[in-house]
Amino acid sequence: AYVRPANRHLYLLQPRNYNDMMEEDRNKETVQIFNKHADRYAEKYFDLRDYDDFDVRLITSVGHRGSFINVACGPGNVSFYVREHRPDIDVIGVDLAPNMLKEARARVPGAMFELCDCTKLESLGRTFDAAAFAFGLSYLNDGAAEQCLASLHLVLNSGSTLMLSTIASREPTQQHETTSSGEQILIFYRTPEQVKSIIEAHGFQVTFMKCIASPSNAPKITEDVVFI
């Protein structure tokens, strides 16, 4: 998805209500689960190569000595690919789970990793030439998803490339899934058309979309969708 030149949007802050606070608590619980099991997650998914073809599309869009942000970076899967194949690119990864950042720092030398909310990327105080947001959307409700895409648009330079992947579904739904450790985590399933609509509503132009089967080591058989 390429960033279309557009006027910056003004978002007015509204008083927080009970539902907002409940969603915030659920998001904190999700972050805590990922933080608690960061080492196991890294062992399971870091070497996954199912998405390399899409990573190639991403890095070829970035000019020499360009900049890249890996949003909700986890243990640094995408960051590692970028650093390995394009060491000239300035790479920064952000996540809310400190232990995920610890894993990423150990696994991706030469990249920088910071604690940052994906809905407040402008707090980094800089802009980028490309971004990847891999599967973080699956853990955000609609409001947070909108805020994240709006924040991404603010920190990406005009003409930049965004690669976004998420779990897809034929029907929109949300449900608690049991992790391999027995904990409950809330996942938001959206149709590819819904995700495309959210992306385009925030100033991006989708030029590529592909649905693929979930990785063989995923805890549940689903369909993933990748946008560029």
Side-chain angles (χ1 to χ4, degrees), residues 1-11 46 51-98 100-101 103-105 107-140 144-166 195-196 198-209 225-228:
Y2 290 95
V3 179
R4 292 195 300 255
N7 294 328
R8 298 303 190 194
H9 300 285
L10 174 64
Y11 293 90
F46 185 79
Y51 306 96
D52 283 4
D53 288 346
F54 309 114
D55 294 340
V56 171
R57 287 174 175 264
L58 176 68
I59 63 174
T60 54
S61 72
V62 184
H64 182 62
R65 300 184 67 82
S67 56
F68 163 77
I69 182 169
N70 189 180
V71 180
C73 64
N77 310 50
V78 184
S79 295
F80 178 80
Y81 187 93
V82 176
R83 285 293 301 167
E84 184 178 45
H85 294 86
R86 286 288 305 278
D88 61 292
I89 294 177
D90 178 25
V91 175
I92 179 172
V94 297
D95 204 287
L96 272 180
M100 283 293 191
L101 295 172
E103 291 287 338
R105 290 180 184 121
R107 294 167 182 270
V108 192
M112 182 169 62
F113 296 94
E114 294 188 19
L115 191 73
C116 183
D117 190 325
C118 68
T119 66
K120 301 172 183 175
L121 300 173
E122 57 274 20
S123 66
L124 296 170
R126 58 174 296 189
T127 58
F128 303 88
D129 300 314
F133 186 33
F135 297 100
L137 197 72
S138 305
Y139 304 97
L140 299 180
E146 298 266 355
Q147 291 174 22
C148 178
L149 267 296
S151 187
L152 268 166
H153 190 266
L154 287 174
V155 300
L156 285 175
N157 298 318
S158 180
S160 299
T161 301
L162 166 66
M163 181 180 73
L164 185 150
S165 53
T166 188
V195 180
K196 183 173 183 286
I198 295 172
I199 294 171
E200 292 181 334
H202 290 86
F204 296 95
Q205 180 181 354
V206 174
T207 60
F208 174 88
M209 181 179 78
V225 59
V226 181
F227 296 89
I228 297 176

Return a table of donor-acceptor pairs under 3.5 angstrom between the side chains of residues 118-125 and protein atoms on other chains or two or more places apart.
{"residue": "T119", "atom": "OG1", "partner": "D117", "partner atom": "OD1", "Å": "2.9"}
{"residue": "E122", "atom": "OE1", "partner": "S151", "partner atom": "OG", "Å": "2.5"}
{"residue": "S123", "atom": "OG", "partner": "K120", "partner atom": "O", "Å": "2.7"}

So which atom in [X] and which in [Y] form the shortest heavy-atom distance, rounded to 0.1 Å?
X    : Y    : answer
L149 : I198 : CG-CG2, 4.1 Å
S138 : T166 : OG-OG1, 2.8 Å
L140 : G136 : CG-O, 3.6 Å
F133 : A72  : CE1-CB, 3.8 Å
S165 : V226 : CB-CG2, 4.0 Å
A134 : V78  : CB-CG2, 4.5 Å

To the nearest 0.5 Å, how far apart are [atom1] in [X] and [atom2] in [Y]?
X    : Y    : atom1 : atom2 : answer
I69  : S79  : CD1   : OG    : 9.5 Å
I59  : M163 : CD1   : CE    : 10.0 Å
L115 : L96  : CG    : CG    : 5.5 Å
F113 : R107 : CZ    : CZ    : 11.0 Å
F80  : C73  : CZ    : SG    : 14.5 Å

Show me the pairs that pass salt bridge (charged side-chain N to carboxylate O under 4.0 Å, His left out) and involve [range], at least two apart or across chains.
range            : value
residues 85-97   : R86-D88, D90-R126
residues 65-85   : none
residues 147-166 : none

Legend entry - Test ring-ring contact (aromatic ring centres under 6.0 Å, His included) applied to F128 - qualifying residues, sequence neighbours left out: none
Please tabulate, for side-chain N and O atoms in residues 51-58, each donor-acceptor pair with protein atoms closer than 3.5 Å (sequence neighbours left out).
{"residue": "Y51", "atom": "OH", "partner": "D224", "partner atom": "OD2", "Å": "2.7"}
{"residue": "D52", "atom": "OD1", "partner": "R49", "partner atom": "NE", "Å": "3.1"}
{"residue": "D52", "atom": "OD2", "partner": "R49", "partner atom": "NE", "Å": "2.9"}

Side-chain heavy atoms of [X] within contact of [Y], under 4.5 Å:
X    : Y    : result
V62  : F68  : no
T161 : T207 : no
L152 : V71  : yes
N70  : V82  : no

